[in-house]
Amino acid sequence: MKFFSRLALVVAGVSLLGLSALAQTADNNRADSYPRNTVVEVFTGEWCGWCPLGKFFVERAIKQLPEADQARVIVSYIHDGDFISQQFPEAKKLAAALEGTFGISGFPGGLIDRTKTTTYGSVTFGPTSGDAKILKALKERLEKAAEGTVDFTLAENGGEFTMEINGEVASSILDQDLYLTSYLIRDSIPKKSQGNYVTNASVLNGDTDLYAEYQAFWKNYKHDHTVLQPLTAVQGDKIAPGADGKFSVTKTFTPNFGTYSTEFSHVVVIVHYANSTKKGVINAAKKELKATTDIVAVTPEEANVAVFAQNGVIRTSADVANMAIYTLDGRTVPNYSLASGVYVVRIQTTTGTVIVTKVQVP
């Protein structure tokens, strides 16, 4: 039986926490504080042989959080010096601006909420330092109440999108310079010539189990959460909340996907302090960008292929161009060391056939 893949994958338009962040403030007993989503921005490139290891540790850290907290972490990968930054020059401008502002001196380099964490003792962090340290920093930020909230809707008209952004900030920061940054990201971009320095267990201090896990990760490596297009100025657009702390912004944009399809794409919105002075993310939100045209998907049986789970990895007999794995609540997850449960799998074959199915991981 055929069905529409977008409906099978996610409930479009639902915010990361499952509710409007604005509505959640009623459940927070502390005045001038809001539930936080944490933003992780990682600077990467295909020329960087250590960058896959950085991504491996970031993903590994997030998977160790409680499921509800995993949904509160928004990850973006900002490319520089590779085929992605060449194809998307506006994203390259974002990379250059943030690298200069925050002092990113080595790749992979990263920011967690664009602010100093006690865990790292600096604004920047090195993802290759290991998942334990990343996990500690994420918990540190997630436990800290936010000083504002933001949510948004997306509406399409003939390929052009209108984004209605609404938010609120605490009275304690109304005298600060506040900005809003937004960008388009996409999952599941195939690698071309990605460097990889992790070729034996000695690189991971002889940990053979960790190396086996990394090998499974590398086998399925793609560029996920990749920034393709800034939707605001690279340092953000200044916002002016009213005396009640509320603000509204309307933005219209035409997404640039280059040679890629509109699928696997999301929009990220970040409210933050001025990057040049106080620095730091106040709060953020992320939502799926729905495609213009519904794509008719078929079942594995109709495509005459097998899709199955083996040793925590979902495998298929199809010739795969793209494959994405989703939890039942719509989160994209990496295809390795999958926890027991049911996942939605979307496969695009090299001939263009789209297959959508559910797979039980033992």
**Q** If a pair satisfies side-chain hydrogen bond (donor to acceptor under 3.5 Å, both in side chains) and one of its residues is in residues 97-107, list it, with sequence neighbours excluded.
**A** T101-Q235
**Q** Assess whether a salt bridge exists between K251 and D237, defined as any Lys/Arg side-chain N lying under 4.0 Å from an Asp/Glu carboxylate O.
**A** yes
**Q** Please enumerate all residues that pass side-chain hydrogen bond (donor to acceptor under 3.5 Å, both in side chains) together with E90, with sequence neighbours excluded.
**A** K93
**Q** If we ignore hydrogens and angles and just use 3.5 Å, is the side chain of Q87 paired with the main-chain N or O of L228 as donor and acceptor?
**A** no
**Q** Looking at R186 and S261, would you say the former's side chain and the latter's main chain have a donor-acceptor pair under 3.5 Å?
**A** yes
**Q** Establish, for the pair K192 and F83, whether the NZ or CZ atom is under 6.0 angstrom from the six-membered ring centre and no further than 45 degrees off its axis.
**A** yes
**Q** Check the pair F247, E168 against side-chain contact (heavy atoms from CB on, under 4.5 Å), reporting the backbone distance first and the verdict last.
**A** CA-CA 6 Å; F247 65 89; E168 179 178 310; 5.7 Å; no
**Q** I'd like to check the side-chain hydrogen bond (donor to acceptor under 3.5 Å, both in side chains) partners of S76; sequence neighbours left out, ordered by chain and number.
**A** Y183
**Q** Would you say that I134 contacts I62 through its side chain, given a criterion of any heavy-atom pair below 4.5 Å between the two side chains?
**A** no
**Q** Quick one: does T250's side chain get under 4.5 Å of I165's, heavy atoms only?
**A** no
**Q** With side-chain contact (heavy atoms from CB on, under 4.5 Å) as the criterion, how do L98 and N275 come out once you've worked through the C-alpha distance, each side chain's angles and the decisive distance to 0.1 Å?
**A** CA-CA 8 Å; L98 296 184; N275 291 335; 4.0 Å; yes
**Q** We want to know whether Y77 and E41 form a side-chain donor-acceptor pair, criterion being a heavy-atom distance below 3.5 angstrom.
**A** no
**Q** Could you tell me whether N200 atom CG has more than 12 heavy atoms of other residues or ligands within 6.0 Å of it?
**A** yes
**Q** With the side chain counted from C-beta on, respond yes when I282 and I173 share a heavy-atom pair under 4.5 Å apart, and no when they do not.
**A** yes
**Q** Keeping the roles fixed (side chain from D82, backbone from E46), state whether a donor-acceptor pair exists under 3.5 Å.
**A** yes
**Q** After noting the C-alpha distance and the side-chain angles of F125 and L111, does the key distance pass the side-chain contact (heavy atoms from CB on, under 4.5 Å) rule?
**A** CA-CA 6 Å; F125 79 101; L111 305 169; 5.6 Å; no
**Q** Looking at K116, I want to see if its NZ is surrounded by more than 12 non-hydrogen atoms of other residues, nucleotides or ligands under 6.0 Å.
**A** no
**Q** Indicate whether the side chain of T118 and that of R141 have a donor and an acceptor atom separated by less than 3.5 Å.
**A** no
**Q** Run E143 and K139 through salt bridge (charged side-chain N to carboxylate O under 4.0 Å, His left out) and show every step you take.
**A** CA-CA 6 Å; E143 290 169 359; K139 288 180 176 179; over 6 Å; no
**Q** Answer yes if V269 and V249 sit in the same cluster of Ile, Leu, Val, Met, Phe, Trp and Tyr residues linked by side chain heavy atoms under 4.5 Å apart, and no otherwise.
**A** yes
**Q** So that I can tick it off, tell me whether K144 and E140 are bridged by a salt bridge, with the cut-off set at under 4.0 angstrom between side-chain N and carboxylate O.
**A** no
**Q** Short question: side chain of N304, backbone of P300 - any donor-acceptor pair under 3.5 Å?
**A** no
**Q** Where do E164 and T153 land on the side-chain hydrogen bond (donor to acceptor under 3.5 Å, both in side chains) test, with the steps shown first?
**A** CA-CA 5 Å; E164 299 287 352; T153 61; over 6 Å; no
**Q** In terms of ring plane angle, is the pair Y221 and F217 parallel, tilted or perpendicular, where the classes change at 30° and 60°?
**A** perpendicular
**Q** Going by the angle between their ring planes, with limits at 30° and 60°, are Y197 and W50 parallel, tilted or perpendicular?
**A** perpendicular
**Q** Does atom CG of N157 have more than 12 heavy-atom neighbours, drawn from other residues, nucleotides or ligands, at distances under 6.0 Å?
**A** no
**Q** With a distance cut-off below 6.0 Å to the six-membered ring centre and an angular limit of 45° from the axis, does K219 pair with Y336 as a cation-pi contact?
**A** no
**Q** Please tell me if the side chains of S265 and L184 come closer than 4.5 Å, counting only heavy atoms from C-beta onward.
**A** yes
**Q** Flag yes if more than 12 heavy atoms outside N256 fall under 6.0 Å of its CG atom; otherwise flag no.
**A** yes
**Q** Please enumerate all residues that pass salt bridge (Lys or Arg N to Asp or Glu O under 4.0 Å) together with D207, with sequence neighbours excluded.
**A** none
**Q** Above 12 or not: heavy atoms from other molecules or residues under 6.0 Å from NZ of K136?
**A** no
**Q** Flag the pair N335 / Y343 as yes when at least one side-chain heavy-atom distance between them is below 4.5 Å, and no otherwise.
**A** no
**Q** I want to check something: taking the side chain as every heavy atom from C-beta on, are T299 and I355 in contact at a cut-off of under 4.5 Å?
**A** no
**Q** When you compare the side chain of T124 with that of I104, does any pair of heavy atoms fall below 4.5 Å?
**A** yes
**Q** Has K63 got a side-chain atom pairing as donor or acceptor with S337's backbone, closer than 3.5 angstrom?
**A** yes
**Q** Sequence neighbours excluded, which residues qualify as ring-ring contact (aromatic ring centres under 6.0 Å, His included) partners of H79?
**A** H223
**Q** Just do the side-chain contact (heavy atoms from CB on, under 4.5 Å) check on R60 and L210 with the steps written out, would you?
**A** CA-CA 11 Å; R60 202 169 191 266; L210 187 63; 3.5 Å; yes
**Q** Donor-acceptor pair, Q70 side chain versus L65 backbone, under 3.5 Å?
**A** yes
**Q** Do D113 and R36 meet the salt-bridge criterion of a basic N to acidic O distance under 4.0 Å?
**A** yes
**Q** Under the 3.5 angstrom rule, does the side chain of E160 hit a backbone N or O of E156 as a donor-acceptor pair?
**A** no
**Q** Test the K55-W218 pair against the cation-pi criterion, namely NZ or CZ under 6.0 angstrom from the six-membered ring centroid and within 45° of the ring axis.
**A** no
**Q** Between N283 and N37, is there a donor-acceptor pair closer than 3.5 Å when you use the side chain of the first and the backbone of the second?
**A** yes
**Q** Run the side-chain hydrogen bond (donor to acceptor under 3.5 Å, both in side chains) test against T351 and tell me which residues pass, sequence neighbours left out.
**A** T349
**Q** Does any part of the side chain of P108, heavy atoms only, come nearer than 4.5 Å to the side chain of F43, both counted from C-beta?
**A** no
**Q** Can you see which heavy atom on L174 is nearest to which on P241, and at what distance?
**A** CD2-CB, 3.9 Å
**Q** Between D151 and K287 (salt bridge meaning N to carboxylate O under 4.0 Å), is one present in this structure?
**A** yes
**Q** Under 3.5 Å, side chain of S182 to main-chain N/O of L231, donor-acceptor pair present?
**A** no
**Q** For W47 together with F107, are the ring centres under 6.0 Å from each other?
**A** yes
